[in-house]
Amino acid sequence: QITKKGLIAMNELSASEIQRQDFVDNRIYELIKDLNPTFKEVNWDIELIGDVRDIITNWFTNRLRICSENNFYPLGEE
């Protein structure tokens, strides 16, 4: 949408959408840690989490066709 300053702004996320984002990112991080075959600590890395999330999103939205991208991981876009 266009703001008073003429800039295009994304729709704001609702509390439930933010909660969904946090849930997905945290579950992916836990999965990465659980699958790690070493005792080396895996630090939170949003780039790594995002890469894994993109693959899962592609499977849910394009391959399995069970939900929309925004339904899986809300981005505040229409």
Side-chain angles (χ1 to χ4, degrees):
Q1 72 186 28
I2 298 180
T3 65
K4 290 182 180 179
K5 294 184 180 182
L7 301 175
I8 297 175
M10 285 183 22
N11 295 331
E12 290 188 29
L13 295 173
S14 68
S16 64
E17 290 171 326
I18 293 169
Q19 185 177 22
R20 175 66 185 177
Q21 284 186 341
D22 289 345
F23 172 77
V24 170
D25 289 341
N26 286 318
R27 292 299 301 246
I28 291 171
Y29 178 58
E30 291 302 318
L31 174 67
I32 291 166
K33 291 190 320 180
D34 289 346
L35 293 175
N36 178 5
T38 71
F39 292 106
K40 295 179 184 176
E41 183 176 347
V42 176
N43 294 321
W44 177 272
D45 182 338
I46 196 61
E47 185 177 358
L48 171 59
I49 293 166
D51 287 347
V52 173
R53 184 178 64 236
D54 289 345
I55 293 167
I56 295 170
T57 300
N58 182 55
W59 269 94
F60 284 163
T61 61
N62 298 320
R63 304 283 300 265
L64 298 173
R65 299 177 188 258
I66 58 174
C67 68
S68 70
E69 200 170 327
N70 204 48
N71 183 251
F72 176 67
Y73 194 84
L75 296 173
E77 301 170 347
E78 294 193 19

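Just the heavy atoms: all of them, side chains too, but no hydrogens, waters or symmetry mates, feed the values below.
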remark   = Taken to the nearest 0.5 Å, the spacing of Ile46 CD1 from Asp25 CG works out to 4.5 Å

remark   = So CG of Asn71 and CD1 of Ile66: to nearest 0.5 Å the spacing works out to 9.0 Å

key: Closest non-hydrogen atom pair, Leu13 against Leu75   = CD2-C, 3.7 Å

query = Taking atom CD1 of Ile49 and atom CZ of Arg27, what is their separation to the nearest 0.5 Å?
reply = 13.5 Å

ask   = How far does OH of Tyr73 sit from CD1 of Ile56, to the nearest 0.5 angstrom?
value = 11.5 Å

hydrophobic_cluster_shared for Leu35 and Val52, side chain cutoff 4.5 Å = no

task = Under the side chain to side chain donor-acceptor pair (under 3.5 Å) rule, collect the residues that match up with Asn58, sequence neighbours excluded.
result = Asn62

message = For residues Leu31 and Val42: do they belong to one hydrophobic cluster (side chain heavy atoms under 4.5 Å, members Ile, Leu, Val, Met, Phe, Trp, Tyr)?
response = no

message = Is there a side chain to side chain contact (heavy atoms under 4.5 Å, CB included) between Tyr29 and Leu48? Walk through the geometry before answering.
response = CA-CA 9 Å; Tyr29 178 58; Leu48 171 59; over 6 Å; no

query = Thinking salt bridges, do Arg20 and Glu17 make one under a 4.0 Å N-O criterion?
reply = no

task = Supply the atom-to-atom distance Ile32 CD1 to Asn43 CG, rounded to the nearest 0.5 angstrom.
result = 11.5 Å

request  = Count the heavy atoms of every other residue, nucleotide or ligand shown that sit under 6.0 Å from CH2 of Trp44, and state whether that count exceeds 12.
outcome  = yes

ask   = So with a 6.0 Å cut-off around CD of Glu69, is the heavy-atom count from everything else above 12?
value = no

